[in-house]
Amino acid sequence: MASSCTTGYSHLPLVHHFELGEGMQLQVTVFGSLKWGNAKVELQLRNCSNMWILHWGIVYHGQKNWVLPNEHPAGTKSYGQTALQTPFSKNGDVYMVILELRDPKAQAIEFVLKEDGRNRWLKRNQQNFRIEIVQDAIVATPIPKDLVEVKAYKLWESKGRPKGSPQQEKQDYEDALREIQSQLSRGISLDEIWSSIRPSNSTTNADSKKHLTPQNGATTSIYNDPRNSTQQAYSTRVADNNEQLLRVIPIYSTTTPAYQRKHDVGQWLHKLSAMQAKGKLFAAPSLMDLVEKSFGGDKIILRQKFHIDNHEIVVLYRGDRHLLIAVNMKGDTVLHWGVSQVSLGEWLVPSPDILPERSKLVDGACQTYFKSMTIGQSFFQYVDINLQRKDFMGIQFILWTAGIWMKNKGSNFVVGLKPIKTGCGKSEGTAKWLLDEIARRETDAERSLMHRFNIATELIEIYQNEGETALIGVLVWLRLMACRQLKWNKNYNVKPREISAAKDKFTSSLQRIYLNQPDHREIIRLIMATVGRGGHGDLGQRIRDEILVIQRNNNCKGGMMEEWHQKLHNNSSPDDVIICQALLDYVRSDFNIGVYWRTLNANGLTKAILQSYDRPIVSEPHFRVEHKRGLIEDLSSYLKTLKAVHSGADLESAIDSCLGCSIKGHDFMNQVQVNPVGLPLRLQESLKFAKMHIEDSDIGLLMEKLLESRIELHPLLFTSHGRLKDLIFLDLALDSAVRTTMERGFKDLNSTNVQDIMFFISLLLENLCLSTFENEDLIYCTKDWYRISETYKPNDQQWALQAKAVVDRVRLILSQKSQCYQEMIQPTAVYLGLLLRVEKWAIDIFAEELIRSGSAASLSVLVNHFVPTLRKIADVGSWQVISPVEVCGFVTTVNDLIAVQNKVYSKPTVILANRVTGEEEIPGGVVAVLTPDTPDVLSHVSIRARNSKVCFATCFDQSIFKNLKLKEGKAISIKLRSSSLVISDSSDSGISCGRLVPFSIPRAVALKKKTFGGKYAVSFEEFTSELVGSKSQNIQYLRGRVPSWIKIPMSVAIPFGVFEAVLAADLNKDLAKQLSSLVPLVKGGDNSKLQAIQETVLLLKAPPEMINELKNKMRRSMIPWPGDESEDRWTNGWQAIKKVWASKWNQRAYISCRKANLNHDHVCMAILIQELISADYAFVIHTRNPLSGDNSEIYAEIVKGLGETLVGAYAGRAMGFTAKKSYLDSPIIVGYPSKQIGLFIKNKTLIFRSDSNGEDLEGYAGAGLYDSVIMDKAEEIILGYSSDRLIADKAFQRTILSKIAKVGKVIEDIYRSSQDIEGVVKDGEIYVVQTRPQI
């Protein structure tokens, strides 16, 4: 069929979209070309209520300042001599400004927006908006006009076919055009777009679904050919008023980015409060904490809490049979109590020998006055009852306070004293007292879902202020229930409306906590995703009533339907949603019973489960064919009722709940009205589209609409909306729909082009940002991904390296999130699971399954699929070889390398370590360490590997690493090929154990013990090998030898022997004795005493003579003396000095010395003191490439901020580059940064660098073993790279990297040997802070 196109401009119009916040949108369209003498820029503001002014100018090629054009629209005024101001004029629903440009020198227009009458300005990321003007016409393939008309009709149809004005019809046409252009820009062909709007001839089969999907019995209108009938329908609706040319945006254009879609994700930032961010789980010490601290929390075997109004009652039972009852009440309070021996229902008078002080026996009870206790600003009262060796079942009591009797909801307070057996469960990191209470009440909870949710409400109200661990306890309990690990019903009949009411009450409590405790919103969302919302109005009762109507209307009163009816009346549950869906699928398949069972089984329901209900379902459904239509209508309506009560995160139900709906069945079934929440119009339209197209095979547009809905909804989730929980459930449903929609598309990944994968990654990143609290790292990744997408160049190596760096960081975040859930949630799952006798397999995978069911899982799959593509384009292979050594050994897998660093293996061993921080030692007997982790090439473990001739490499291919793990215990051979590894099987007999001789330094080199030379401080002119280590000597040697453009900071040093002299001073004699008693224990093998030695060193006091001498040396050397600012500043400096000395006994250094046969007693510590340079960037240079061994090539790494993130255990990679020594002006970047954290210090401070006599020995590099300490704590800043100058400004990048490379060459020439050099960049200047021989 021929397609028609209208005429108009002969070039491609370029369209830019900007989200301005508060629903405002700006669209800028550029028509024409200055090459042909005329360009038009049309600016449209949408969804704004006030008047706005365009504050603008044009920019010439090669200039930065604005130029004011001679021609401008009517109404324009000059703003001084710097800008023009043009008011927007209203045109229908939009405000417009049209600029005509004829100056051929103009490269771009720049502008900001000003609200008329107010001093309010809108910028783009704190900068001007900038729109490039097209210089050359772009030839483009026309878009068929009939395709746009069909698309516009489909959009109109998706809105429910509203009656509209000609302006609205034109708007639909323009929206359709933009949507097609967006699809074409992502590489989708015209034929594919035609296919996507042509109805499919196939129907969805229930047995092919992995998830329960909404079914409403309605279908979209179907036409035989959308190119005629749909077009005809559209043509009757819209006049031919679209005479503009429709053009395709080229997939790869040199004038406009291939990727235009992005949001202001910075608006979605959520940070934990300072207290929560530091890991403090409770906002303030609770009464339970205070009582445990006062009375021995390590001995507690039972805890219980009660809350009555604003009063809290805590009961603790210790292993020595002391029962403690504490209250937060003021004024005289009396405990009126009795004991139980046979059952908890008893109230017996206690015997006189167990009565506490101030007790008296009254008729049938004992009365005891509470004692007062004050801790800091906290006050409580307590009674301590010594039960001695008497074996009581429990205790009952009530309280007398303020002239009234206080009871527990009208009953006595009851505490059972028979502790629950905990098996092997550990309670560390859990709200143990809550978990014990849950276990105690499980018998009651399993009676029905009503009981369980009522108990959950009671517990959540009591423990809501106890912090994250308490909420996690409720989450784990309810998720175990949802996974059918706990009973839903046991010999108890309950009405559906009672279950619905219990759920409604519980979720209302969660809504209050969500609103009042922002730090815990992520946990609250996890809980809400586990339960249904509870129905509105009489929906709960309708579950009971409507099944009777279905049976009557459709003549199905016996068999399976009657069994289901009895179950529904007895105890409705989420299983009923699945059963109803299965019945619908069964009816729609023309009563194919196999379809019924496939739907049940796919959602976890088996015959055994159906038969296990209190009211079992043992029969299969049988319906009469003539009732098919009525059954579909009635069951579809009934499914909505069931979902409204049981399925909080079901998309259709959640949308209906928020938009409002009428639920009406067939024949005699009455209608129920669900009132709308009241949502913005744009959000309503997106939700309607998502609901209608949720099963579309073209997932791209659907996912965009789902994300658009979440973005529009996001601000509403932080308001005190009366139906906030419905909005939260809607957001959870949208989040889930994004995940399941993406999972549908995984089957097509292998045939998906690069740009589409990039597009989907951006959607999933946005989705995860919206789902995550404490999301700053993710937001920066999303911004970086926008930059990557905008700069895409097919098969460009540098682009692929940048993209890989962002993907690596995303994977790191996902890994950290998984580890966080393991550490935060799994301990509770283990402890509570054992208490409740949950199956071990369900406990073991609890946190893992929670992670897999969330937003991160689909993103992980997608980026892992994309990594091989990026690595192929970047030509980096599957390995980064950090220490290139060919070896043979036996495979052993460990989770953390640090866990085995003290071990000595008896045969040559290749360790596969899941995690390597960079701070570890290489275990004895290890010939290779292979890891998927990414330690820096100059981390401690990397240096140790190269020093010990151990093969060390990072594997970037998960499948390779997974296959290596299958070789556990087997022998393998590792060979080098180019910059990669070749691994093959090896025979056991071919492996020699001769390699296992413990590494030691050459016997000719001895570690000479240094003595105190009488000086507490020396200036750099006085540095000698007898006074200071090689670090200080090298700095002295460089000064005066390097050119002036290389800066060397001034230095003084605390020489060898000063530590020993300070320790021997009279004011430290007690500490010296303590230290002398600990050192022999360490020598005897008790490494646990190393920490005690370090703590002892930190208690040293500074002799006055040392303070005076150090002060004078620093002042003469123009280094700030910290005591000049305040005494506290000197205290900080002295503490830093002691930390450097104490690092002689850190575990890593001690183990390394032992392995190298160095006498640890002979290690002496000098300290190099320098003023810290507040670096923009820090770098390390290896003047011989350590990865390839190429002596003609420099390799360097650079990070933002201080260098501690480069040499310390900070996750992610630095920016790496190489430079040939013969061509230093052309550095080549081999890896872009993925470091998450940068360290920064704004104020002037000092750094105290360790400088021992055990570093840089022949054959042994001790660098990095000991600590260098900054006097003030550096601030950790989460890094973003999208606007970092070293990434975005290529000229600046080349200048800085070339300078760094030249530094390496200069210093290597001075020493005439390969060097490892550390330095920083500050305001473009290069500072070298230390150098050492390269090993």
Side-chain angles (χ1 to χ4, degrees), residues 206-207 212 215-217 448-449 488-500 535 538-646 663-670 672:
D207 62 345
L212 191 60
Q215 298 286 338
N216 57 17
S448 74
L449 292 179
W488 291 5
N489 177 246
K490 187 177 180 181
N491 302 322
Y492 194 92
N493 292 340
V494 61
K495 298 173 182 176
R497 62 181 172 83
E498 294 171 329
I499 297 174
S500 179
D538 67 342
L539 276 176
Q541 181 60 33
R542 287 175 64 85
I543 291 177
R544 189 182 181 108
D545 298 342
E546 289 179 4
I547 187 63
L548 296 171
V549 178
I550 291 174
Q551 288 180 282
R552 182 176 66 248
N553 286 351
N554 300 285
N555 193 20
C556 53
K557 296 182 180 180
M560 177 268 171
M561 289 298 285
E562 180 57 27
E563 292 166 358
W564 187 33
H565 161 222
Q566 292 300 323
K567 180 210 176 293
L568 289 161
H569 276 228
N570 178 61
N571 203 330
S572 181
S573 71
D575 283 355
D576 295 316
V577 176
I578 301 171
I579 293 170
C580 189
Q581 183 69 57
L583 289 172
L584 261 174
D585 291 343
Y586 165 65
V587 174
R588 286 174 175 153
S589 67
D590 289 329
F591 309 102
N592 183 340
I593 197 63
V595 170
Y596 169 77
W597 284 111
R598 278 194 290 273
T599 299
L600 290 177
N601 294 340
N603 291 280
L605 284 187
T606 63
K607 286 184 179 181
I609 292 176
L610 295 178
Q611 293 170 5
S612 69
Y613 300 138
D614 277 1
R615 299 293 187 272
I617 299 176
V618 297
S619 305
E620 292 183 335
H622 294 285
F623 300 119
R624 298 179 64 170
V625 174
E626 61 267 25
H627 291 296
K628 178 177 178 178
R629 177 176 172 274
L631 282 165
I632 289 175
E633 292 187 12
D634 285 353
L635 288 171
S636 297
S637 177
Y638 195 48
L639 183 62
K640 290 185 178 182
T641 300
L642 291 169
K643 285 181 176 180
V645 174
H646 292 302
I663 302 176
K664 183 176 181 180
H666 176 63
D667 201 2
F668 300 106
M669 293 175 66
N670 295 323
V672 61

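Excluded from the calculations below are hydrogen atoms, water molecules and symmetry mates; all remaining heavy atoms, backbone and side chain alike, are included.
- At least one side-chain heavy atom of S636 sits less than 4.5 Å from a side-chain heavy atom of L584.
- Atom OG1 of T599 sits about 12.0 Å away from atom CD1 of I579, to the nearest 0.5 Å.
- Contact of the I499 side chain with the V494 side chain is registered, since non-hydrogen atoms from C-beta on lie closer than 4.5 Å.
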Q) After noting the C-alpha distance and the side-chain angles of L449 and N489, does the key distance pass the side chain to side chain contact (heavy atoms under 4.5 Å, CB included) rule? A) CA-CA 7 Å; L449 292 179; N489 177 246; over 6 Å; no
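- Classification of D590 and K628 as a salt-bridged pair holds, one side-chain N sitting under 4.0 Å from a carboxylate O.
- Considering Q551, K557, R615 as possible partners of E562, the one that fulfils the side chain to side chain donor-acceptor pair (under 3.5 Å) test is Q551.
- Side-chain atoms of D545 do not come within 3.5 Å of backbone N or O of L548 as any donor-acceptor pair.
- Between N555 and F623 the shortest side-chain heavy-atom distance does not fall below 4.5 Å.
- Note that the CD atom of Q581 and the NZ atom of K643 stand 6.0 Å from one another [nearest 0.5 Å].
- In this structure, the side chain of S612 engages the main chain of I609 through a donor-acceptor pair within 3.5 Å.
- Residue Y492 comes nearest to N571 through the heavy atom pair O-ND2, 4.2 Å, listed as atom of the first residue, atom of the second, then distance.
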Q: Take S448 and K490, measure what side-chain hydrogen bond (donor to acceptor under 3.5 Å, both in side chains) needs, and give me the verdict at the end.
A: CA-CA 7 Å; S448 74; K490 187 177 180 181; over 6 Å; no
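- Using a distance-only test at 3.5 Å, with no hydrogens or angles considered, a donor-acceptor pair links the side chain of E498 to the main chain of K495.
- Among N553, I547, L639, the one residue that satisfies the side chain to side chain contact (heavy atoms under 4.5 Å, CB included) test with D634 is N553.
- No side-chain heavy atom of I617 sits under 4.5 Å from any side-chain heavy atom of K607.
- No donor-acceptor pair closer than 3.5 Å links the side chain of S637 to the backbone N or O of E633.
- Checking S572 against H646 by side-chain atom types alone, a donor-acceptor pair falls below 3.5 Å.
- Without hydrogens or angle criteria, N554 side chain to C556 main chain gives no donor-acceptor distance under 3.5 Å.
- Contact annotation: the side chain of L605 approaches that of D575 to within less than 4.5 Å [non-hydrogen atoms, C-beta and beyond].
- A donor-acceptor contact closer than 3.5 angstrom is absent between the side chains of H569 and Q566.
- Salt bridge absent: D585 and R598 never bring a charged side-chain N and a carboxylate O closer than 4.0 Å.
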Q) Passes side chain to side chain contact (heavy atoms under 4.5 Å, CB included), N603 versus V577? Steps please. A) CA-CA 10 Å; N603 291 280; V577 176; over 6 Å; no
(Q) Assess the residue pair T641 and I543 against the criterion (side chain to side chain contact (heavy atoms under 4.5 Å, CB included)); give the C-alpha distance rounded to whole Å, side-chain angles, the decisive distance to 0.1 Å, and a yes or no. (A) CA-CA 7 Å; T641 300; I543 291 177; 3.9 Å; yes
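- Checking E626, H627, H622 one by one against R624, the side chain to side chain donor-acceptor pair (under 3.5 Å) holds for a single residue, E626.
- Using a 4.5 Å heavy-atom cutoff, the side chains of E563 and Y613 are not in contact.
- Side-chain contact, W564 with D576: a donor N or O sits under 3.5 Å from an acceptor N or O.
- Listed here is the closest heavy atom pair of G594 and N592: N-OD1, 2.9 Å.
- Formation of a donor-acceptor pair under 3.5 Å by the Y638 side chain with backbone atoms of E546 is not found in this model.
- L583 and L635 get closest at one heavy-atom pair: CB-CD1, 3.9 Å.
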